[in-house]
Every structure is written in structure tokens, then in C-alpha cells.
Amino acid sequence: MSNERPNDRTYPPPADFAARAHVGSIAQYREMYEQAARQPAEFWGGLAERELVWFEKWDKVFDWQPPQVRWFAGATLNASHNCLDRHLTTARRNKVALIWEGEPGDSRMISYQELHRLVSRFANVLKGRGLKAGDRTIIYMPMIPELPIAVLACARIGVIHSVVFGGFSAEALKQRIQDLEAQVVITADGGWRRGKEVRLKPAVDDALKDCPTVEHVIVAKRTGSDTNMQPGRDHWWDHLDKEVGDVCPAEPMDAEAPLYVLYTSGTTGKPKGIVHSTGGYLLQATVTMKWVFDLRDEDTYWCTADVGWVTGHSYLVYGPLSAGATVVLYEGAPDYPAYDRFWRIIEKYRVSIFYTSPTAIRAFVKQGEQWPASHDLSSLRLLGSVGEPINPAAWDWYNRVIGHGVCPIIDTWWQTETGAIMISPMPGATPTKPGSGTLPLPGILADVVDLKGNPVEPNTEGYLIIRHPWPSMFRTLWGDPQRYEDNYFKKIPGVYMTGDAARRDEDGYFWVLGRVDDVMNVSGHRLSTMEVESALVRHPAVAEAAVVGKPHEISGQSVVCFVTLKKGDYDQDVLGQELRQWVAREIGAFARPEQIRFTEALPKTRSGKIMRRLLREIVTSNSVTGDVTTLEDLSVLTRLAEQHDDD
Ligand code: PRX
């Protein structure tokens, strides 16, 4: 990534965009922000009335007993009902809900009415397997229509789903199934990626050797390749579908009932199961579609994230469908069969809102302007970015080459824990500055503080926190409420610590700088150093491992591992390759280390803690500065630095 400093260039919203936008001026934004800060219950209560369909209303909008919060408790609704049924009595009935494009070029358009039918049928399939409200499923699928259908079918009957990204390994899948004690796994034979079949069912079979809670596996047919099916346990989706009807009423769920669990990396080797609620979550996912994406009925909206990440949950499934959007869902790689696949899709479906990651944008920059230039991108009116800080050079390219200077860019900051976008421009209201997420959305009391909780001066680095609870905030960590409190609410009591460093400039704009904990951000995906270390030390040759993120031109960060070996005779080149492969197998291909560096010892403090800060300095700058007096063995560091020069 380039080291250029953020600058003060500002881009006001284009006048014609602002004139038609849901929020059309900075004054209107400020008025909303102030109202939400002054009267949060009235503000969110009013939105909940207008934006969602409820079976029963609430007595109290929210109840905050730090760190526990409840929003609209006692009220009932159903997320699938809000995403589907409510549109069936409107002109959206036969509007396309999903435009799906498979990697080989096959495609499918599914209207709201048809999606409702498919979801209801699959909900009946799940009921037929004995599932009921409060039970759990793991969804491990490629990006095919059956994925959102499975998600919405679970929501329809109150079954808590946990989507595991298809790029995760059998080992990672097993951990999640076990932690969730899931009864059913929904998967597919495989999917297509860069022209090759990525098989999924064999990974499920592997994982299930050690998952006694799983009673049934439902397998969608995508690639048609030979698939091992265990009689009694495994069922083809299309066979079960033949046995059910079209009618499945949506179960009224308490607003506080868990809608889903999504595992994300924390600072230990064990992923955290982020638990989201039904009512508050859906409300904020829905309203941000208007505030941030300025969604209108005539838009064709494309979010390139996989449903396996939180962005796919909130901005491919729940948010856009609840708001009645036409959503593009693409199965495969951005560079298959050629680098212009994304631009081809935008041209083909006349996409008007496009939401992707800085990593993708940097990869496009590298491939060259000729790829987008050969397509008509004039349907675009809004561009979004998510997952990591966007460097101003990538922002400028996105603006000029993709947006032709007429599309506002929304740099959206949020997290798996926050459930919905928290800091972002409102495209018709907020002047943007390349590299800044700009201002917090209404109801989001974000600040940059020191460890005592005091706001720091403008342009000074500090900790990004959120003071007041918001509807879509996670409610707990699955099976570990203590870790929820300790991780997020202890350092500054009652205040949510995001784990990010940030600063605010003299205009109050937020500039997110990155993580302050041992979490890496690789291609916009969160990965904990400890998770990779735990994977490495499971290898029989490895004694100890320390992992750090290294700045990377395309993916933001890459994974570098320092490894000490057990006694033995090793060919380091061969073992290095093997360990890279090992991590990919243990976690998933996206976690494959860029570098394995063998060393005789790791730098540690006197109390035995690995000094990652020093390792980070080595990989970042090749030099070691700062306080090293607590080092057990200074020579270790010198050796590591020298070794790096030899690379
Ligand atoms: O460090 C921030 C970074 O991604 C982290 C959240 O990762 P995850 O839970 O996987 O969710 C990613 C998609 C919402 C944050 O703590 N991050 C996310 N968006 C931005 C960002 N950093 C800077 N700018 C962003 N727009």
C-alpha cells in the first residue's frame, strides 16, 4: 500500500445526486444526527415503525444495562417476512429480487414472489428434518441462489444460522459446527472458482467425523460431480424439495431472538461467535440501505462480498431484500475468464450501485484501465468501499476510472460486531475526503479517545469507541458472555471498544488507521495472528510460531510467520512450502502465509511473551528501533533482521 498521507481534498455531493437523495444536505444529516443523539428512543422507535413490519409492537425501545442491551424486546417480527412477504402486496411482487450469475456464465433471475416460494419450500424442508425455532444450522455453500434461500428459510422458522465462508477448511468448519452444536449442515457438491470446481461436500464429510450433534446434511446440486452421500444422514436438496408444499407461515420471533451467529477472528486461537438479534439488526441493515446506498426502487444493486462474511449478510441478503432492492449475486472470481468480469457484469445488468473492497480496487488498478474502459459503465451512480482503509490513490482511481467523476464514493466503516454501517458518508449530504469514512451515521456516538475515555485532540491518534448502544450491535458471543464483556466493554467501562485506532481531523472527520490488537486484515478479511500460530504449532515439526501482518500492496496486509522447529533434519525450502499449505488446509486458502521464516528463537520479554511489536517492525521496515531493554536475547532480533536482508 502506498504511504501517501491523507489530504484535505473534499468532494461535495454532485448537485443532481443530492437533489434526488433520501438525505440531500449536510444540514439535514446534522439535524438527524442531533435528534438521534438527543432522543434515541424516539428516533429509533420512529424508524422501526416506518421501516419494518411487526406482528406485535414493543413497550420500550431499548434497555441498556451495560454491557447488555435489548432493543424492542417483547415485540415480534420475522426477518424473512420483512425481506419477502411484505413486498408481495406491493408492485414489487414481480420485481426481480435476485439476479444471479454463475461463474461459467449461467444466470438466473428470481422475483420476490418466486423467492418467497423457494424460501417457504426450503423452510418446510428444514421443518421436515425436525428443526424448530432456536435450533442451529451451519450453511457452507458457494455463492448460488440456494445460499440466500437457505439463510432466509432458517430465519423464517426461527432457526439460528451460521454461514461459514466456502473458502474455510474442513478444520475451521468443524470448529464452528462444534461450537454452535448445530443439528443440520446445508451445503453443495461444490462451486466454480477460476474455472475449476471447488468441492465442498468432502470438507463437510471430513469435518463431520467429529461432530456428533449433526443429524442431517442437505446438499444442493451445483457442479453435478460425483458426491459421496451417507445414507440416512445426507440428502439432496432437490429430492427433499419434492416432498414439501409452498406454504410456510413466518414464525413470529421476539425482536431479541438471535437471528444468526457469525464467527470472526479475535485475538485468541478460537474464533468468536458474534450473535446478532432479529429486530434491531434488521432495522439498521434496512435504514442504512437508504441512508448510505440511497437505494431507490429502480436501482440494480451489487455487493461483491461473499455471504460468508458479515458484509454479505447485511448488504447482500437482509438489508437490500428488506428494502426491496434488485440484488446481483455473482458466484465466481473477478478475473475469470478475464480481468473484465466485474465490468462485464455491470454492463450486462446495468448495475447502478456497486459495493466492493479496497483490495479488489487495488487489484483492478494493477490490471490496468483498459479492462473497465472496454465496457459501458454509465449505469453506475454510486460506488462503495468496505473492509479496510482505502488509500487515496485507490480512491482516486475508483472515482475517475469506474465512477467517471460523477459517482459519489461511500467509504463505509463497520465491523462484524456492529452489524451495520456505522461511519460513512451519506452520498447526497456529506462532502467526502479520499481515505476518510467521514462522519458517524445518526444514532452512532463514535469518538476517538485515550485509555481513560477522554476525547483526544483533533488530528491525534486514539482508540475508536462507540458510546451509546445501537440497534444492530451484537448481543453476546455465542457460549461466552464473559469474553463479550472482557473483550469489548472492560477497558473503558460501559463503552464499546472497536479495536481500531483512528483520528478525527479539524472537521470532525474520522480516519480509521487499523487494528490496535493482534488482528490482521488480509484482503478485508479479519484473521487473528493467534489463529495462524495455533495452526502452525499443530504441525509436528513446529516448536513455536509468531505471526504478524506485513503491509501488502494489494491485500492491505499479508501473513508472515516466524517459526522455530523441533529437533530434526529439515529441508527448509520444502518445509516452508509445506507449512504454507498446512495453514491453508487448517484455516482456509485466504489465510495462506506469504512467508515462513525459520529462526532459532523468538524474541520474548522476561515474562515469556512474544514481542510481536518487534517482529512487526522487522517485517515492516527491516530495522528495529524503540525500547528493547525487556528483551531476553537481543541477538535473536539481530539475527532475524539479518536473515531478512538475505531474503
Ligand atoms: O479494522 C476495521 C476494518 O475491518 C475491521 C472489521 O472487520 P470485519 O468484522 O471482518 O468486517 C469487515 C466488513 C464490515 C474493522 O475493525 N474496516 C472495515 N471497514 C473499514 C475498515 N477500516 C477502514 N475503513 C473502512 N471502511
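Counting begins at 1 with the first residue of the sequence. Order of listing sets the numbers, starting from 1, for every ligand and every atom in it. The structure displayed is predicted, hence computed values, not measured ones.
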Checklist entry - Can you list the atoms of ligand 1 that are under 4.0 Å from a heavy atom of N521? => result 3 (C), 4 (O)
Checklist entry - Quick one: do the E51 and T286 side chains pair a donor with an acceptor below 3.5 Å? => result no
Next on the checklist: As an exercise, identify every atom of ligand 1 less than 4.0 angstrom from a heavy atom of V512.
Outcome noted: 22 (N), 23 (C)
Checklist entry - Has ligand 1 got any nitrogen or oxygen that is less than 3.5 angstrom from a nitrogen or oxygen of R526? => result yes
Checklist entry - How far apart are the closest heavy atoms of P148 and L98, and which atoms are they? => result CG-CD1, 3.9 Å
Checklist entry - With the threshold set at 4.0 Å, does a side-chain nitrogen-carboxylate oxygen contact exist between D480 and K270? => result no
Checklist entry - Checking side-chain contact (heavy atoms from CB on, under 4.5 Å) against T498, which of I465, V512, L464 comes through? => result L464
Checklist entry - Do you know which of Y315, W302, Y330 makes ring-ring contact (aromatic ring centres under 6.0 Å, His included) with F354? => result W302
Checklist entry - Should G437 be listed as contacting ligand 1, given a heavy-atom distance under 4.0 Å as the test? => result no
Checklist entry - Is there at least one pair of N or O atoms, one from Q415 and one from ligand 1, spaced under 3.5 Å apart? => result yes
Checklist entry - Can K491 be said to sit on top of Y463's aromatic six-ring, NZ or CZ under 6.0 Å from centre and within 45° of the ring axis? => result no
Checklist entry - Is a side-chain N or O of D447 found less than 3.5 angstrom from the main chain of V449, in a donor-acceptor match? => result no
Checklist entry - Among R515, E388, M422, which one has a heavy atom closest to atom 20 (C) of ligand 1? => result E388
Checklist entry - For ligand 1, which atoms, with element, lie under 4.0 Å from some heavy atom of T416? => result 8 (P), 9 (O), 10 (O), 11 (O)
Next on the checklist: Please determine whether a side-chain nitrogen of the Lys or Arg among R616 and D518 lies less than 4.0 Å from a carboxylate oxygen of the Asp or Glu.
Outcome noted: yes
Next on the checklist: Looking only at protein heavy atoms, which one is nearest to atom 15 (C) of ligand 1, and what is the separation?
Outcome noted: D500 OD2, 3.3 Å
Checklist entry - What residue and atom, counting heavy atoms only, is the protein's closest point to atom 12 (C) of ligand 1, and at what distance? => result G387 CA, 4.2 Å
Checklist entry - Do W71 side-chain atoms and G279 backbone N/O form a donor-acceptor pair below 3.5 Å? => result no
Next on the checklist: Tell me the protein heavy atom at minimum distance from atom 23 (C) of ligand 1, and give that distance in Å.
Outcome noted: P389 N, 3.1 Å
Checklist entry - Would you say ligand 1 has an N or O under 3.5 Å from any N or O of T498? => result no
Next on the checklist: Can you tell me which portion of I390 lies within the under-4.0 Å heavy-atom range of ligand 1? Options are side chain, backbone, both, or neither.
Outcome noted: neither
Checklist outcome for this item: ligand 1 to T311, heavy atom cutoff 4.0 Å, flagged ligand atoms 13 (C), 14 (C)
